[in-house]
Participant: 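Sharing a structure with you now.
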Amino acid sequence: SYQLLLVCNAILIGAALYLLAAAIEHLGHDASRAGLLTFIAGLGLISFSLGRAQNFSTLCFCLLLYIAARARTNERAWWWALPLLVVWANLHGAVLLGLLVVSAYCLQLGWDQWRAGRRPMAWAIAALSPLTLFCGPYGTAIIGYLHSTLFNHGFSLFIGEWRAPS
């Protein structure tokens, strides 16, 4: 029923906001600042109150922010980004944003590791992260699907988020 969908959606958004607050606190900010920033983010998510597939991406992105916050004190935490990207790739095409964040951060982290005379293990994560796209039922066909979705100008006629800003 529609009520169950709304409850599940509220749980998704609530979990995403909880992870965001946890990431902010893990970065060393106090609970009041984390609460304020999470409240502001929650205001931005009001339009997401309807059950939509992209709400899974909100949760996945906040989990990725939490992983990034944990990785500041434990670089190995970035390895958790790979299973997250596998799940995300099977939920919504916004996984491309996650891939960009993970790849860019891990390339920089690997460079820092290499310059410090350490093995650049983060480069392995950056190299493996694009492969997570193919760990689903579509396999390599996901590339064609994402291309046809991202560059489909007809979507702007029916989906408000795809319209040019006015």
Side-chain angles (χ1 to χ4, degrees), residues 8-114 118-140 142-143 145-147 149-150 159 161-162:
C8 291
N9 186 61
I11 292 170
L12 268 177
I13 298 300
L17 292 173
Y18 174 80
L19 285 168
L20 180 61
I24 294 168
E25 281 192 71
H26 194 77
L27 292 174
H29 298 286
D30 60 18
S32 61
R33 178 171 285 176
L36 175 64
L37 293 173
T38 303
F39 175 75
I40 292 169
L43 290 176
L45 293 175
I46 287 175
S47 65
F48 285 59
S49 61
L50 300 174
R52 314 255 329 247
Q54 70 227 28
N55 292 348
F56 288 107
S57 288
T58 303
L59 177 63
C60 291
F61 188 74
C62 289
L63 184 53
L64 184 59
L65 292 178
Y66 181 75
I67 290 170
R70 299 284 304 199
R72 291 187 63 174
T73 56
N74 180 6
E75 294 174 349
R76 289 182 290 170
W78 273 113
W79 285 101
W80 286 105
L82 294 175
L84 171 63
L85 291 172
V86 168
V87 170
W88 195 352
N90 284 282
L91 293 173
H92 196 266
V95 67
L96 295 176
L97 175 65
L99 285 172
L100 180 66
V101 170
V102 170
S103 297
Y105 193 91
C106 287
L107 285 172
Q108 177 62 48
L109 178 60
W111 175 254
D112 293 342
Q113 291 169 336
W114 182 73
R118 299 177 12 227
R119 251 186 316 167
M121 291 302 294
W123 283 348
I125 299 168
L128 291 171
S129 61
L131 299 177
T132 61
L133 277 179
F134 308 118
C135 296
Y138 288 112
T140 57
I142 191 76
I143 297 299
Y145 168 76
L146 290 171
H147 182 271
T149 301
L150 287 173
I159 304 172
E161 290 90 353
W162 288 71

Participant: Measuring from atom CZ of Arg72 to atom CG of Leu27, what distance do you get when rounded to the nearest 0.5 angstrom?
Facilitator: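 Going from CZ on Arg72 over to CG on Leu27, the span is 5.5 Å.
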Participant: Can a donor-acceptor pair be found, under 3.5 Å and without considering hydrogens, that links the side chain of Asn55 to the backbone of Ala10?
Facilitator: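 The answer is no, because no donor-acceptor pair under 3.5 Å joins these two groups.
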Participant: Measure the shortest side-chain to side-chain distance between Leu97 and Leu64 over non-hydrogen atoms and say whether it is less than 4.5 angstrom.
Facilitator: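 They are not in contact (no side-chain heavy atoms under 4.5 Å apart), so the answer is no.
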Participant: Verify, without hydrogens or angle tests, whether Ser103 (side chain) and Leu100 (backbone) share a donor-acceptor contact under 3.5 angstrom.
Facilitator: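 Here the side-chain-to-backbone pair does not exist.
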Participant: Working to the nearest 0.5 angstrom, can you tell me the gap between Leu150 CG and Leu96 CG?
Facilitator: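 It comes to 6.0 Å.
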Participant: Got a second to check how far Leu107's CG is from Ser129's OG, nearest 0.5 Å?
Facilitator: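 Leu107 atom CG to Ser129 atom OG measures 8.0 Å (nearest 0.5 Å).
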Participant: Counting only heavy atoms not in Tyr105 (residues, nucleotides, ligands), do more than 12 fall under 6.0 Å from its OH?
Facilitator: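 Yes, the 6.0 Å shell around OH holds more than 12 heavy atoms from other groups.
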Participant: State the CG-OG distance between Leu37 and Ser32, to the nearest 0.5 angstrom.
Facilitator: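 That separation rounds to 9.5 Å.
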Participant: Answer yes or no: are there more than 12 heavy-atom neighbours, outside Phe134 itself, under 6.0 Å from its atom CZ?
Facilitator: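 It does: Phe134 CZ has more than 12 such atoms within range.
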Participant: Where do Gly110 and Ala122 come nearest, in terms of heavy atoms and distance?
Facilitator: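 Looks like N-CB, 3.6 Å.
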Participant: Do Gln113 and Trp123 come close enough that some side-chain heavy atom pair is under 4.5 Å?
Facilitator: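 In short, these two side chains do not touch, never coming nearer than 4.5 Å.
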Participant: Parallel, tilted or perpendicular, judged at 30° and 60°: which one describes the rings of Trp88 and Phe61?
Facilitator: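 Because their plane-to-plane angle is over 60°, the rings of Trp88 and Phe61 count as perpendicular.
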Participant: Between Leu85 and Gly98, which heavy-atom pair has the shortest distance, and what is it?
Facilitator: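 Heavy atoms only, the tightest pair is CD2-C, 3.8 Å.
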Participant: Taking the side chain as C-beta and beyond, is there a heavy-atom pair between Leu128 and Trp79 under 4.5 Å?
Facilitator: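 Counting from C-beta outward, Leu128 and Trp79 do come under 4.5 Å.
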Participant: Determine the minimum heavy-atom distance between Leu20 and Ala41, stating which atoms define it.
Facilitator: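 Between these two residues, the closest heavy atoms are CD2-CB, 3.5 Å.
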Participant: Taking all heavy atoms of Cys135 and all of Leu131, pick out the closest pair and write down the distance.
Facilitator: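 Reported closest heavy-atom pair: SG-O, 3.8 Å.
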Participant: Rounded to the nearest 0.5 Å, what separation is found between the CD1 atom of Ile142 and the CG atom of Leu133?
Facilitator: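 Rounded to the nearest 0.5 Å, the CD1-CG separation comes to 6.5 Å.
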Participant: Compare every heavy atom of Trp78 with every heavy atom of Leu109, then report the nearest pair and how far apart it is.
Facilitator: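 Taking every non-hydrogen atom into account, CD2-CD1, 3.7 Å.
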Participant: Quick one, Val102 and Ile67 - any side-chain contact, counting heavy atoms below 4.5 Å?
Facilitator: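 Val102 does not reach Ile67 side chain to side chain.
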Participant: Measure the CD-SG distance between Gln54 and Cys60 for me, rounded to the nearest 0.5 Å.
Facilitator: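 One gets 12.5 Å once the value is rounded to the nearest 0.5 Å.
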Participant: For Leu65 and Val101: C-alpha separation, side-chain torsions, deciding distance, then whether side chain to side chain contact (heavy atoms under 4.5 Å, CB included) applies.
Facilitator: CA-CA 10 Å; Leu65 292 178; Val101 170; over 6 Å; no
Participant: Which pair of heavy atoms, one from His26 and one from Ala69, lies closest together, and at what distance?
Facilitator: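 The pair with the smallest heavy-atom distance is CD2-O, 3.1 Å.
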